[in-house]
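First comes the structure, then the notes that go with it.
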Number of protein chains: 2
Amino acid sequence: MSEEFTLVWRRLADQRRRQRPALSIDQIVRTAIQIADAEGVQALTMRRVATDLGSGTTSLYRYVTGKDELLELMVDAVHGELEVPEQPSEDWRVDLALIAHRQRAMALRHPWFATEVGSRPPIGPQALRWIEFALTAAGGVSRDITVASALLGAVNNYVLGAAVNELSEQEAQRRTGLTEDQWRAVVAPYIREVVIESGDFPEATRRIIDAVDLNHDEQFEIGLQCLLDGIAARVTGA
Amino acid sequence: MSEEFTLVWRRLADQRRRQRPALSIDQIVRTAIQIADAEGVQALTMRRVATDLGSGTTSLYRYVTGKDELLELMVDAVHGELEVPEQPSEDWRVDLALIAHRQRAMALRHPWFATEVGSRPPIGPQALRWIEFALTAAGGVSRDITVASALLGAVNNYVLGAAVNELSEQEAQRRTGLTEDQWRAVVAPYIREVVIESGDFPEATRRIIDAVDLNHDEQFEIGLQCLLDGIAARVTGA
DNA sequence: TACCTAGTGGGTACATTGTTCCCATCAAGG
DNA sequence: CCTTGATGGGAACAATGTACCCACTAGGTA
């Protein structure tokens with residue numbers, strides 16, 4: 001693999017037209033995304049994709065070199081859902097918030113995305129399209145592209161981490177095959193005993209008992225506003 | 001699985017003493033972590049763990065219900081590396097920074113952690129130990145535990161996302177079996193042609209050509225300080 | 001028109017994995 | 001000494017990714 005390795009995106013470009021193709025890469029990627037969204041990456045098998053497309057399993061290998069490449073294409077494809085405004089507003093803060101919210105929504109729509117992007121740097125055409133817009137928006141923060149890029153990266157980090165954390169419980173349920181109720185019925189007593197009743201974790205106990213339970217949206221918004229505040233301070237200050 | 005499902009942590013507790021056990025859960029988990037650290041999760045197979053331990057493959061199932069549970073134990077085990085100070089300092093900002101840095105260092109030491117935690121909420125004993133400290137430190141930010149917890153969560157999001165993003169390139173190399181040099185030799189020309197020479201992505205081009213290349217540490221620090229600034233503003237303001 | 005060639009679909013088969021089943025072994029208690 | 005239950009681990013199976021191979025077909029060529 002190390003010798004003749006080429007990026008998918010290269011091969012997509014000089015893809016000669018095929019004679020009466022029965023499938024298309026787009027179709028395959030779309031089907032794969034549907035499966036992974038609905039049933040988790042663990043349910044994403046080549047046979048399954050083929051079955052859903054009504055084709056033979058190994059026919060897929062005419063379009064995609066393997067499952068790995070399929071996942072790479074999926075990661076880029078969902079970037080295509082990120083709608084890019086014609087131009088950034090005049091308020092960088094509004095723009096960065098919009099970027100954060102759209103990225104988060106996308107990551108939550110595709111629960112496999114946040115983990116899969118962890119080994120697939122998004123450099124496909126759709127990702128580039130989005131990055132270009134994000135950098136344009138970040139240009140409103142600072143004319144210094146180094147600063148702008150670093151701060152955009154910070155927002156990106158926050159959004160991705162928030163998605164990973166938010167999804168972890170849901171994905172744990174999927175992995176174990178438990179419903180949300182069953183999950184709670186297993187975890188709650190454990191937490192009560194080990195955390196609360198043991199007395200070993202007073203702060204965690206306080207957190208569980210006294211804290212208002214913010215939903216994920218509120219929680220996300222608080223952190224995001226903090227980060228944007230910090231960015232604002234750094235920019236106006238310098 | 002849905003009927004007789006119990007958390008690992010339960011079973012760890014009422015683990016009856018075994019007669020002349022040849023292995024131990026700790027030993028198995030440690031070995032698994034070593035393999036995953038050195039060669040990636042893809043190299044982590046039950047047979048491999050057994051081989052490294054000089055035992056039969058299926059003997060592992062006397063200690064662990066399956067690979068999934070092993071990964072759960074691994075995720076908790078690495079939390080054990082997070083050294084907890086006897087008590088938080090008087091400066092919450094120092095404490096949160098320390099938390100962020102230690103968590104990041106741990107995530108980078110174990111490249112599989114950030115993605116695996118995405119489907120395994122850390123509720124094991126080692127994770128609880130760390131969370132307790134983190135909440136104590138966050139108590140310095142605000143007496144309101146709801147606020148403190150939300151802001152700590154923001155830091156946590158940022159750190160995790162930073163790790164995922166930072167590791168993505170390295171993990172891509174591992175997945176493709178390319179060295180760092182080979183990887184660059186493949187990606188660089190692609191970026192040059194598609195991003196720079198195409199003229200389609202002026203901001204991205206500016207980013208690549210004009211921006212000073214910050215290393216990951218610097219990049220992390222900038223975002224972290226922004227976030228802490230934002231937290232500080234929110235707390236003193238309110 | 002007849003034929004050739006390269007691209008295409010897809011079945012078969014194999015290696016690798018997680019995991020279940022089963023049996024031999026062995027420590028400890030009666 | 002014998003019984004019992006726990007333990008190590010081999011054999012075997014199901015699921016999966018994928019290489020290999022063959023049949024078929026469209027479109028150009030003689």
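Lettering of chains follows the sequences in order, A, B, ..., and the numbering in each one begins at 1.
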Can you check the [X] [atom1] to [N] [atom2] distance for me, whole Å?
X       : N      : atom1 : atom2 : value
A/Leu53 : C/dG10 : CG    : C1'   : 14 Å
A/Ile28 : C/dG10 : CD1   : P     : 11 Å
A/Leu71 : D/dT16 : CG    : P     : 15 Å
A/Leu23 : C/dT8  : CG    : C1'   : 11 Å

Charged N to carboxylate O below 4.0 Å: is that the case for [X] and [Y]?
X        : Y        : value
B/Glu221 : B/Arg104 : no
B/Arg174 : B/Glu171 : yes
B/Asp52  : B/Arg30  : no
B/Arg184 : B/Glu180 : yes

Quiz item: Judged by modelled atom types alone, do B/His110 and B/Glu116 share a side-chain donor-acceptor pair under 3.5 Å?
Solution: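 Side chains of B/His110 and B/Glu116: no pair found under 3.5 Å.
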
Set out, line by line, the N/O atom pairs under 3.5 Å between protein and nucleotides 16-20 of chain C.
| from | atom 1 | to | atom 2 | distance (Å) |
| --- | --- | --- | --- | --- |
| C/dG18 | OP1 | B/Lys67 | NZ | 2.9 |
| C/dG18 | OP2 | B/Met46 | N | 2.8 |
| C/dG18 | N7 | B/Arg47 | NH2 | 2.6 |
| C/dG18 | O6 | B/Arg47 | NH2 | 2.7 |
| C/dT19 | OP2 | B/Tyr61 | OH | 3.3 |
| C/dT19 | OP2 | B/Lys67 | N | 2.8 |

Quiz item: Applying the side chain to side chain contact (heavy atoms under 4.5 Å, CB included) test to B/Val75, which of B/Ile33, B/Val117, B/Ile123 qualifies?
Solution: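 Answer to the side chain to side chain contact (heavy atoms under 4.5 Å, CB included) test with B/Val75 among B/Ile33, B/Val117, B/Ile123: B/Val117.
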
Exercise. Return yes if the base of C/dG10 and the side-chain atoms of A/Arg62 contain a donor-acceptor N/O pair under 3.5 Å, otherwise no.
Key: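 When only heavy-atom distances are counted, A/Arg62 does reach the base of C/dG10 through a donor-acceptor pair under 3.5 Å.
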
